[in-house]
Q: 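Quick one: the structure is below, and I'll ask about it shortly.
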Amino acid sequence: MSHTPPRSAPARRSVLKGTVAASASLALPTAAGAPALALSGRPGAAWGVQTGDVTASSGLVWVRSDRPARMIVETSATESFRHARRWRGPLLGPGSDFTGTTALRGLPAGAQVHYRVVLTDPDDPRRTGEPVYGTFRTAPARRRDGVRFLWSGDIAGQGWGINPDIGGFRAFEEMRRLDPDFFLSSGDTVYADGPLVPSVTLPDGRVWRNLVTEEKSKVAETLAEYRGNFRYNLLDDNVRQFNAQVPTIAQWDDHEVRNNWYPGQILDDPRYTEKDVDVLARRSMQAFGEYFPVGTLSPRGSEGRIHRVVHHGPLLDVFVLDMRTYRNANSPGRQADDTVGILGAEQLAWLKRELARSRAVWKVLASDMPLGLVVPDGAANFEAVAQGDPGAPLGRELQIAELLRFVKHRRITGTLWLTADVHYTSAQHYAPEQAAFKDFAPFWEFVSGPLAAGGFPANALDATFGPERVFVRAPQRANVSPMESPQYFGEVDIDGDCGELTVRLRAEGGAVLFSKTLQPGRVGQ
C-alpha cells in the first residue's frame, strides 16, 4: 500500500462461556518486550493463546511465556477437561522470543475443542503457571454443516494504535461476538514502519491517545524491534479474547517489513540505518513465524513459506498467497514480457497445480493485494497488479492473465478473491465483455479493511480485466482515524444444504453494507 503514516446454534455459543472469562481475566501484559528472567516464581502466559491453520483433524496452538518454560497443551471435548488429551510442546526460550507452537493432530472433525496451555519450569516440571484457556472448532467432515468466516487486514497503521479512551481495537470484540469458524488475516497485520506518538489532534479538535511502546516509537530494523511490533497488538484485551476463541489464517503484505517493499530493494529512507530490505524481510519473517501459528513456517520463522492451502472441509479451500516475497521491483509496469510478476514463477506454478487438485466446492484466493485497483508507488511506479493502462495485459498483469486463463480452460469452479490493503471496503465484478483481455471467466473480488488503521479514498480502476465497482464505502480524505470513520471487515457464509456462498461487507457497529450470494459449481459468476 502506498499510504504513508504522519448464527451459530446456541450450543456453539454456550461452549465459550468459561473460555472467554478465563482469557479476559489475564493481566494486561507489560509494554516491555523482554521477559523478566526471574529465578523464582512460576512461568506466566499473560499474552494469551491463539490457534492457526485449523483443518478437520489438526490445528496449531500458540503461546508466549514470561521466562524459559516447557509448553504443555491439554485438549478436551468439554470445559471440565475430563478425559483430557495431553500434548508435550517445545521448550520456550530466547531463540524464539519465548514463543512456541504445538501441533495438534488426530482431532475429531466438526467439533468444538477446548484447550488449555500450561507452562512448566524446565528444571522442575512440578512448578507450573496458571493455565490459559482457549477453544476452537475443527473444520467439518460433512458438507451440510456449512462454514462461516471473517476477513480483514490493516492493524495499527498510519499512527493509530491502541487507544484506551475508545476501548482499544473494538472491531475484534465485534468479530468475536459473531463467533466465526476462523478469521482470515489479509496482511498488514502490523505496521513495522509506522511509529506511534502518544497523542494526535484530529481535525475536529479531539485528541487521539496511543499506547506507545519502545519498539513502536521508531521504524523496526532489528529482530527485537520486529518482535515488539508483533507483540504490540497483544497488549489489547480485545485481540487476546478474540485469539482465544477464533482461529486465524495469517498472511503478510508490505507493512510487516516496510511500506511498498520488494526483494532486492535498497532504501534511501533516512529513518533506516539498515538499508537492505532483504535483511529487514528476513528479520520480519522470523518474527511473523514466532507470533503467528503458520503451518508452513518453522516455529522460529527462519525458514519455510507463507503461501499455502488451508483445507476447511469439503466446502472450502483457502489459497493463501504471498505477493511480497517473490515479486519483481515496483515499476511503471509496461513490460511486454514478465515471468516474475507479483507471485514469482514458482508460486504461480504451485497455485495452478493446487487449484486443479482442489475438490472443494469453493476456492478462496486470499490475496494480500487487489487485482484491478490502481495502487501507485510514487509518481511513476505501481505497487499492485494494475498500472492504469486499460489495454492488453502488461507487466504483472501478464501473470494474472495467465492464471485467469488457466482457471477458465481447466474449468475450475467456485473461485473468488478476497483482499484488504487499500483501507476501504468494496465489491468488484470482473467480466470479459468489459475487458481488454477477454480469455477468462467472470469472477468477484471483495475488499475489506482497515480493521484498526486509517481510512483512505477509493482507488481508481484499471479496465484490463473489466472490473465494475458494484459497491464501495470509503472516506473522502486520506488517513481518517478510527474515531472518525468505522472500521471494516467481511463475512463469508457458505450454506451446507445448498452450497450457496454469501459475502457480507460489514462496518464496525453492526451494519451490513453490502451482500452478494454466489452459486456453487460454476466456472464464472
Q: Side-chain contact, heavy-atom cut-off 4.5 Å: V49 with W62?
A: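 No, their side chains stay 4.5 Å or more apart.
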Q: Answer yes when D165 and R209 have at least one side-chain N-carboxylate O distance shorter than 4.0 Å, and no when they do not.
A: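 Here D165 pairs with R209 in a salt bridge, since their nearest N and O are under 4.0 Å apart.
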Q: If you define the side chain from C-beta out and look only at heavy atoms, does anything of F456 sit under 4.5 Å from N479?
A: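 Yes; the side chains approach each other to less than 4.5 Å.
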Q: Output yes when R396 and E383 qualify as a salt bridge under the 4.0 Å nitrogen-oxygen rule, no when they do not.
A: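 Salt bridge: no.
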Q: Please tell me whether T273 and E221 have a donor and an acceptor in their side chains that are separated by less than 3.5 angstrom.
A: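 Result is yes, a qualifying pair exists.
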Q: State plainly whether the residues D53 and R308 are in salt-bridge range, i.e. N to O under 4.0 Å.
A: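 Salt bridge present between D53 and R308.
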Q: Taking CD in Q335 as the centre, count heavy atoms belonging to other residues, nucleotides or ligands within less than 6.0 Å. Is the count above 12?
A: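 Correct, the count exceeds 12.
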Q: Measure up the F182 and H312 rings against each other and bin them: parallel (under 30°), tilted (30 to 60°), perpendicular (over 60°).
A: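 The arrangement is tilted - the two ring planes meet at 30° to 60°.
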Q: Can you check whether M175 reaches F172 side chain to side chain, under 4.5 Å on heavy atoms?
A: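 Yes, at least one pair of side-chain atoms sits under 4.5 Å.
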Q: Looking at E215 and R231, is there a salt bridge between them, counting it only when a charged N and a carboxylate O are closer than 4.0 Å?
A: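 Counted as a salt bridge, because a side-chain N and a carboxylate O are separated by less than 4.0 Å.
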Q: For the ring pair F183 and F242, is the centre-to-centre distance below 6.0 Å?
A: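 Yes: the rings meet the under 6.0 Å criterion.
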Q: Is the shortest side-chain N to carboxylate O distance from D322 to R305 below 4.0 Å?
A: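 Result for this pair is no, no salt bridge flagged.
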Q: Which of these passes ring pair (Phe, Tyr, Trp, His ring centres under 6.0 Å) with Y430: F443, F465, F440?
A: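 By the ring pair (Phe, Tyr, Trp, His ring centres under 6.0 Å) criterion, Y430 pairs with just one of F443, F465, F440: F443.
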Q: Nearest 0.5 angstrom please: L196 CG to L211 CG, how far?
A: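 Separation between the atoms: 8.5 Å.
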Q: Would you indicate whether D204, at its atom CG, is surrounded by more than 12 heavy atoms from other residues, nucleotides or ligands within a distance under 6.0 Å?
A: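 Result for CG/D204: enclosed.
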Q: Salt-bridged, E256 to R324, with N to O below 4.0 Å?
A: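 Salt bridge between E256 and R324, a charged N being under 4.0 Å from a carboxylate O: no.
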Q: What distance separates F169 CZ from D236 CG, expressed to the nearest 0.5 Å?
A: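 Nearest 0.5 Å value for the CZ-CG distance: 5.5 Å.
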Q: Can a salt bridge be assigned to the pair D193 and R271 using a cut-off of 4.0 Å between side-chain N and carboxylate O?
A: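 Between R271 and D193 there is no salt bridge, as every charged N stays at least 4.0 Å from the carboxylate O atoms.
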Q: R283 vs E225, test: salt bridge (charged side-chain N to carboxylate O under 4.0 Å, His left out). Steps then yes/no.
A: CA-CA 9 Å; R283 293 168 181 168; E225 289 165 348; over 6 Å; no
Q: Salt bridge between E174 and R177, side-chain N to carboxylate O under 4.0 Å?
A: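 No, no charged N to carboxylate O under 4.0 Å.
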